[in-house]
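I have placed the structure first, in the form of structure tokens, so that the comments after it can refer back to it.
Throughout, a chain's letter reflects where its sequence line sits, starting with A, and its residues are numbered from 1.
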Amino acid sequence: SKTPAPSASTDSGAGAKKKFVVGYSQSNNAEPYRAQLNLQLQHFLKQYPDIELLPIADAKQSSATQVSQVQNFITQKVDALIVSPTEPAPLTAAVQQACDAKIPVIVLDRTVNTDCYTAFIGGDNVLIGRKAGEEAVRLLPNGGNIVELRGIMSNQPQIDRDKGFREAIAANPKIKIIADREGKWVKEQATPIMQQWLSQNQQIDLVYGHNDPMALGAYLAAQAAGKADKIKFVGIDGLAIPDGGIRAVQLGQLSATFIYPTGAKEAAETVNKILHGQQAEKKQVLGTTQVTKENAAELYKQYDLSGQN
Amino acid sequence: MTTVKTAPPVKAPGESRMRRTLSALGAGQAYIGLVLILAVGIATKGEMFLNETNLTNAIGAFASRGILAVGVTLVILTGGIDLSVGSLLGIGSMTAAMMLAKFSLDPWQIVPICMAVGALFGFLNGAGTAWLRIQSFVMTLAMLSVVRGLDRQVSDNVSVGTQIAGPDGKLTPQAEAFQVFGTPGHNLFDRIYYPVLAFIVVCIVFHLILTKTRFGRHVYAVGGNATAARLSGVNVTAVTIAVFTLSGMLAGFAGPIDAAYSASADPQAGLSFELDAIAAAVIGGASLAGGKGTIAGTFVGALILTLLDNVLGLNAVSDNWQLVIKGLIVVVAVVLQRPDLFKFLRGGSRS
Amino acid sequence: MTTVKTAPPVKAPGESRMRRTLSALGAGQAYIGLVLILAVGIATKGEMFLNETNLTNAIGAFASRGILAVGVTLVILTGGIDLSVGSLLGIGSMTAAMMLAKFSLDPWQIVPICMAVGALFGFLNGAGTAWLRIQSFVMTLAMLSVVRGLDRQVSDNVSVGTQIAGPDGKLTPQAEAFQVFGTPGHNLFDRIYYPVLAFIVVCIVFHLILTKTRFGRHVYAVGGNATAARLSGVNVTAVTIAVFTLSGMLAGFAGPIDAAYSASADPQAGLSFELDAIAAAVIGGASLAGGKGTIAGTFVGALILTLLDNVLGLNAVSDNWQLVIKGLIVVVAVVLQRPDLFKFLRGGSRS
Amino acid sequence: MTTVLTMRAIGKSFPGVRALDGVSLTVAEGEVVALLGENGAGKSTLMNILAGVFKDYEGEIEVGGELVHIHSPKDARRHGIAMIHQELNLVPELTIADNIFLGQERALLDRKTTESRTAELLRGLGLDLSPRTLIKQCKIAERQLIEVAKALSQNVRVLVMDEPTSALADAEVHRLYEVIRDLTGRGVAVIYISHRLEELEEIADRVVVMRDGQYIGERNGINRDELIQMMVGRPLGEMFPRADGGSTGEELLKVEGLSVPGESGSGRTPLHDISLSVRAGEIVGVAGLMGAGRSELLESIFGVSKPAQGEMTLGGRPYRPKSPKAAIRRGVALVAEDRKAQSLVLGNTIGFNASLPSLKRFLRLGVVDAKRENAAVERQVRELRVKAPGTRFTVGNLSGGNQQKVVLAKWLLTEPSLILMDEPTRGIDVGAKAEIHALMSSLAAEGKGVLVASSELPELLAMCDRILVLCEGRVTAEFRRGQTTQEAILEAAMARQKVTV
Ligand SMILES: Nc1ncnc2c1ncn2[C@@H]1O[C@H](COP(=O)(O)OP(=O)(O)OP(=O)(O)O)[C@@H](O)[C@H]1O
Ligand SMILES: Nc1ncnc2c1ncn2[C@@H]1O[C@H](COP(=O)(O)OP(=O)(O)OP(=O)(O)O)[C@@H](O)[C@H]1O
Ligand SMILES: [Mg+2]
Ligand SMILES: [Mg+2]
């Protein structure tokens with residue numbers, strides 16, 4: 001690659017009306033959270049008429065695929081690149097290549113191990129885990145037993161959501177995590193695990209799921225065993241889809257969930273700024289909102305994008 | 001002197017009874033792997049393991065995969081393989097959830113539709129294998145990809161819930177009815193979990209088809225020696241297409257069961273279920289070379305897989321060690337249940 | 001009278017030359033699928049597709065899976081299957097990263113260790129298949145699980161980076177050297193991407209082994225007719241164990257390549273790579289029944305898979321449709337490249 | 001003459017079968033010893049032990065006066081023992097040269113040498129094939145000769161031939177005799193198994209007879225009747241028990257102008273403009289050299305390959321079978337040439353195989369009535385005197401001749417009106433052969449049509465009302481019963497037409 005300037009790349013398009021081309025490599029489309037992110041990003045970028053988002057590339061959870069996707073985008077000489085890495089390390093070199101090719105890179109959601117990117121936008125999983133832990137402490141004032149459904153063990157969000165949670169519940173020594181298993185982020189995996197926990201006849205007071213589907217999978221198992229009322233369920237993600245966490249809170253299935261911000265809006269704004277030569281913040285860490293029965297309806301309306309695209 | 005010649009009687013009555021008992025024992029051998037796991041379960045967890053709820057839960061979690069395994073067994077018996085069943089289950093579950101969410105169809109309308117969808121793709125698998133003579137591994141791997149793509153496209157990558165609430169905040173009658181497919185806690189006579197029932201019924205039906213009908217014989221013949229089958233008047237093409245279609249149909253049927261189990265259809269539903277299904281068949285004694293295997297074996301294979309999971313889970317074995325131990329026990333179970341185990345241990349015996 | 005008998009000349013010199021040309025054409029047939037994809041790539045994206053960097057990137061992304069495919073081809077040729085290669089690549093990559101991170105070993109020390117680790121597990125696969133007579137599908141599926149569990153256990157479920165910085169904040173010399181295994185951007189003579197080179201070398205070596213050595217001949221014989229091979233004095237057991245060991249060894253070798261490519265060893269690395277590897281072999285014409293297939297075919301199969309991905313990606317086809325189109329094109333490619341395509345199209349031809 | 005091989009008190013058991021019991025055998029240098037015995041007598045088992053097929057056996061083996069232990073084919077080869085197995089054992093996807101030198105290659109292959117050696121060996125057997133031809137493209141008779149070439153490729157002291165001629169026609173058989181004489185001239189000992197007694201007369205120095213896994217006795221001269229008596233334990237009457245010229249009825253099958261294109265490289269012979277007819281109650285023979293198209297003709301009539309041109313009628317109605325299924329529905333049966341590849345599901349039971357084409361007969365409400373099925377199979381199997389412990393016995397474990405009987409049973413159960421037989425007595429002992437001949441006669445007597453292709457001319461001469469002779473896919477002669485001789489048939493079989501390409 002012979003280092004073309006980012007804007008020079010659209011020469012072929014010529015003419016006065018210049019359209020910027022943006023590529024986005026998503027780590028895995030088929031997670032509800034990421035599907036939502038895609039939807040939002042498309043929605044927000046549409047509001048900038050001179051920006052064209054290429055069809056979103058789905059790495060299907062494979063770092064190797066994602067690296068070649070980033071390389072494809074470099075080959076296509078996109079004007080800006082957004083990446084949601086599957087894992088930090090594998091994408092580092094690819095992002096470096098984009099950087100060398102003078103293509104601005106926005107890292108969305110998960111980090112990479114290089115500073116050579118233009119902006120990072122993402123949630124703080126340790127923070128969210130901590131909030132969930134604080135909620136658990138609040139829900140179990142007299143202490144109690146918690147079971148934890150983890151995401152894929154080696155995923156960074158799993159590690160962070162676990163870390164923050166454990167930090168927070170240390171506040172009450174009478175709260176104990178009595179069991180934890182890998183639910184792999186999947187609802188269907190969580191149900192039998194919860195069933196086994198229930199079979200072990202231990203007192204379970206709260207289920208902490210690293211995402212809403214797992215918490216809900218556990219809820220199904222508890223409901224079947226007639227124990228759903230005596231157990232609290234806390235999840236993370238808070239998606240505004242009919243099958244998502246906000247609705248589950250509204251229905252009383254989850255005691256609480258925490259919105260893991262997609263950052264789509266911020267990403268769209270940042271892309272626009274960068275493409276027009278404006279300064280953009282290098283690191284934007286997004287907060288979270290706790291979804292409760294009270295604010296659920298309103299949050300759903302706020303984040304619901306169905307019908308807008 | 002002719003008497004001497006005719007002497008070897010094809011089946012002396014006394015001998016035959018003994019033989020039959022022996023061969024029944026040999027079949028008993030096939031259950032050793034299962035017995036082993038049951039024994040470990042009971043030894044370590046006793047009542048906690050060996051109670052109706054736990055066993056129902058364990059088998060229920062595997063029911064949809066078990067149903068896939070029955071279809072896959074048919075295909076394997078003819079010497080093929082079906083890698084697309086996981087995706088077909090996925091599209092079946094998505095079809096079911098959408099029919100429910102968008103059109104408020106009743107269960108008895110949903111099931112035939114899902115089965116038809118599965119059968120259609122299964123038919124294409126069969127057509128590609130039998131008519132285009134593509135190796136079934138490639139054909140069904142391609143189908144796995146195509147169907148998963150379609151599934152994700154129609155669902156827009158968003159999971160579709162099946163617990164549809166009406167304006168009154170309660171489940172609609174259709175959504176209520178849909179739960180019988182397997183939302184945990186919905187049982188026949190408050191005891192029999194529907195998916196387990198469905199799995200067992202499917203096993204029985206296909207066991208009868210394979211053992212009692214001409215079609216069943218033809219399935220074994222095609223897998224045992226396709227040329228000989230054709231020269232014996234078997235329509236090898238038709239049999240091949242039929243087994244793939246049936247496998248697809250069963251996967252379609254497993255769709256709503258899976259959707260009800262999770263109370264939602266995930267665009268990723270059924271991902272890599274094909275491996276579990278094939279594993280159940282092969283652990284149950286089906287030979288990937290074709291011509292050898294039974295539904296009973298597949299049933300046992302499915303039980304081994306799911307009960308093993310359950311025993312390890314109840315014993316709170318860590319996730320990583322579960323992977324290790326599961327692999328080891330599968331090997332041990334397969335070795336133990338070979339019919340010629342004793343001969344094998346004594347050494348000897350060729351190829 | 002015997003003179004009359006010997007008359008029918010089976011090989012007239014003129015005819016033989018024609019025959020050979022024809023059969024060479026028939027081999028050319030095998031590349032039609034690939035040519036088709038290249039044509040689509042060039043037609044739709046021209047220079048953007050057909051340039052060294054892009055092709056290198058595309059093939060480089062698949063290199064480690066391509067190496068797995070070579071090993072898997074060996075196993076398939078003997079009539080077996082190896083599902084464990086993805087996990088073995090995983091443990092190979094973890095071994096490499098740990099050797100680098102914990103013991104600061106040099107690349108030439110790391111590679112043999114990784115290959116030995118892979119070969120060890122491969123040997124166990126072979127032993128289970130040949131000695132315990134477990135179907136290789138079950139044996140390697142169990143190994144897939146066991147090795148993944150071990151991989152996750154030794155790594156404590158945390159990925160291990162390979163870009164180790166020394167006290168001066170720069171990469172250690174070993175980490176620097178490790179990058180040649182395939183960290184993107186590290187090329188031989190600034191042009192040749194090492195993993196692509198490694199893949200091609202592995203292909204050539206194993207092509208020669210299969211076509212020029214006794215061992216290669218025996219591999220084909222075992223897969224083509226194990227009984228005949230045994231009766232001819234071929235040590236079927238040894239050949240079986242050898243191919244699994246080699247497959248494991250190659251997977252171990254692919255480990256550091258994958259680790260360098262990702263600049264880290266993920267405990268999940270290699271997940272479901274086995275399907276890609278087997279698909280490459282089978283698309284390349286290997287028959288799962290054994291005895292039929294070539295390394296050249298597998299190489300073409302790997303190119304088809306990875307270039308297809310690349311073309312679809314460059315054309316910015318949406319991912320869901322990519323899955324659909326990919327499945328369809330694989331089917332078309334496989335149909336087009338069958339050696340008897342023309343005969344097949346004319347109808348007729350019986351199995 | 002010095003003794004090269006001594007087998008002493010050899011015994012072998014399989015589950016439920018005592019295949020060999022205390023059998024001894026000695027063979028001297030340059031001697032041809034024939035092993036004779038009924039199907040299932042244990043001949044192949046005895047020789048398989050010698051060739052290292054089985055890991056364990058009872059008894060002792062001495063080669064060249066030295067006690068040896070043979071537990072693998074490699075051991076056998078080391079002691080200079082080579083065997084041509086009864087069932088063909090070649091790798092279809094490899095070339096002839098690769099197959100011949102399989103297991104004896106150098107670590108680095110030497111194509112040139114092996115191919116030129118192969119060409120030499122093939123020439124010696126009168127086979128004009130390129131060493132690079134794939135086995136799957138070779139005809140079954142060619143494959144059998146390739147097996148011979150494979151055995152000859154080694155430096156042998158003892159050569160075992162287990163029915164090496166079962167797929168060969170006379171000309172090839174004589175070529176094989178020349179090869180054997182050449183070998184014995186060089187001091188090689190040959191053990192020769194065959195059910196064709198007339199072959200033994202020509203080639204064997206000594207005949208050893210086995211029955212039910214035991215040594216019965218041996219003779220130096222060949223006295224047919226005595227040998228048969230020893231083999232089957234009773235005198236056997238007429239070998240070919242067909243009364244002269246059976247009365248024939250209506251025309252059953254009529255074939256006119258049948259042409260089938262061959263496929264290059266598939267080993268199939270094209271057929272040109274063949275016309276024939278078979279009447280009810282008639283046995284029609286088809287003679288020809290190997291590759292003459294006999295099998296192809298029968299298979300075409302059975303709907304295996306679609307004819308390009310020609311008309312057929314069956315029982316007066318037009319007959320154009322699209323598939324074997326259609327043929328079977330019209331009451332046609334084919335006893336195919338290669339029982340292992342074309343006729344049997346080896347891994348399944350006798351009962352499964354026997355009832356496969358006739359299951360329709362046993363259906364009740366769409367379900368197979370196992371009782372009726374079993375009864376019918378058992379009756380048929382007993383009638384044909386299949387030697388097996390029961391109908392649930394795995395076909396693959398039967399002796400070759402008994403497998404052939406299962407194939408016959410399978411087709412008789414379909415109650416065909418026209419039965420096509422391709423080498424029906426291949427690998428069948430004299431006793432059983434007589435039974436099959438009797439069976440053919442009785443089928444004809446029942447008013448069925450029989451069309452039989454065979455490489456054994458005496459069989460055709462004795463059994464058939466008419467004999468068609470094929471050469472390179474054309475009918476070159478037709479003889480009526482009693483109006484021809486072996487020589488006349490052979491001449492017609494070699495009446496090659498000048499083909500202008
Ligand atoms: N692998 C096996 N398992 C079980 N029984 C076997 C096996 N091989 C041979 N037998 C049995 O051993 C007996 C002897 O068989 P063998 O093949 O030696 O007969 P044969 O004399 O060669 O007969 P034929 O002339 O038909 O070839 C038969 O009853 C046969 O069924
Ligand atoms: N590649 C093959 N696939 C299937 N069958 C084959 C193949 N090669 C040969 N055969 C068999 O061999 C037969 C060819 O023999 P053909 O009809 O030409 O001669 P024939 O007179 O029957 O002589 P013989 O059977 O003695 O060789 C085919 O009809 C078929 O039964
Ligand atoms: Mg024999
Ligand atoms: Mg023939």
Side-chain angles (χ1 to χ4, degrees), chain A residues 1-2 12 21 23-26 28-30 38 52-78 85-98 100-101 112-114 150-156 158-159 162 182 184, chain C residues 45 47-49 51 53-65 97 151-152 155-163 165 179 182-186 258-273 276 306 309-323:
Chain A
S1 38
K2 299 268 140 38
S12 48
V21 178
Y24 176 37
S25 171
Q26 171 65 281
N28 183 16
N29 276 355
N38 292 349
E52 183 201 340
L53 179 65
L54 293 173
I56 294 169
D58 176 7
K60 298 176 212 77
Q61 259 173 354
S62 154
S63 296
T65 308
Q66 194 161 29
V67 168
S68 52
Q69 281 172 354
V70 170
Q71 289 172 338
N72 274 351
F73 284 132
I74 298 171
T75 306
Q76 295 174 65
K77 305 196 172 91
V78 294
T86 24
E87 293 299 328
L91 266 294
T92 302
V95 166
Q96 186 71 42
Q97 282 181 321
D100 293 343
V112 289
N113 300 340
T114 169
R150 296 167 174 263
I152 291 172
M153 296 295 265
S154 53
N155 287 173
Q156 195 60 38
Q158 186 283 129
I159 294 167
D162 174 64
E182 183 185 36
K184 303 196 174 130
Chain C
K45 288 285 137 177
E47 174 58 16
M48 186 190 290
F49 169 73
N51 75 62
T53 316
N54 180 55
L55 293 180
T56 297
N57 285 344
I59 301 169
F62 204 83
S64 57
R65 273 169 285 179
D151 185 2
R152 293 171 46 145
S155 67
D156 230 347
N157 285 312
V158 175
S159 67
V160 178
T162 61
Q163 301 202 308
Q179 297 189 334
T183 307
H186 292 262
D258 191 72
Y261 188 76
S262 301
S264 75
D266 191 293
Q268 300 282 86
L271 205 69
S272 81
F273 275 15
D276 284 328
T306 187
D309 253 347
N310 183 260
V311 169
L312 294 175
L314 287 183
N315 278 294
V317 174
S318 99
D319 285 289
N320 297 342
W321 290 118
Q322 274 198 31
L323 285 171

Are the side chain of [X] and the backbone of [Y] linked by a donor-acceptor contact shorter than 3.5 Å?
X	Y	answer
C:Asp156	C:Val158	no
A:Gln69	A:Asp58	yes
C:Ser262	C:Ala259	no

Pick one of side chain, backbone, both or neither for [X], based on which atoms fall under 4.5 Å of a heavy atom in chain A.
X	value
C:Asn57	both
C:Ile59	neither
C:Asp258	neither

Close side-chain approach of [X] to [Y], heavy-atom, < 4.5 Å:
X	Y	result
C:Trp321	A:Pro55	no
A:Ser25	A:Phe73	yes
A:Thr86	A:Leu91	yes

Options A:Gln156, A:Gln66, A:Gln76, ranked by heavy-atom pairs under 4.5 Å with chain C, top entry: A:Gln76
Applying a strict 4.5 Å limit to non-hydrogen atoms, the region of A:Gln26 in contact with chain C is neither
When heavy-atom pairs shorter than 4.5 Å are enumerated against chain A, which of C:Asn51, C:Asn54, C:Thr162 gives the highest number? C:Asn54
Most heavy-atom pairs under 4.5 Å with chain A, out of C:Asn310, C:Asp309, C:Asn320, belong to C:Asn310
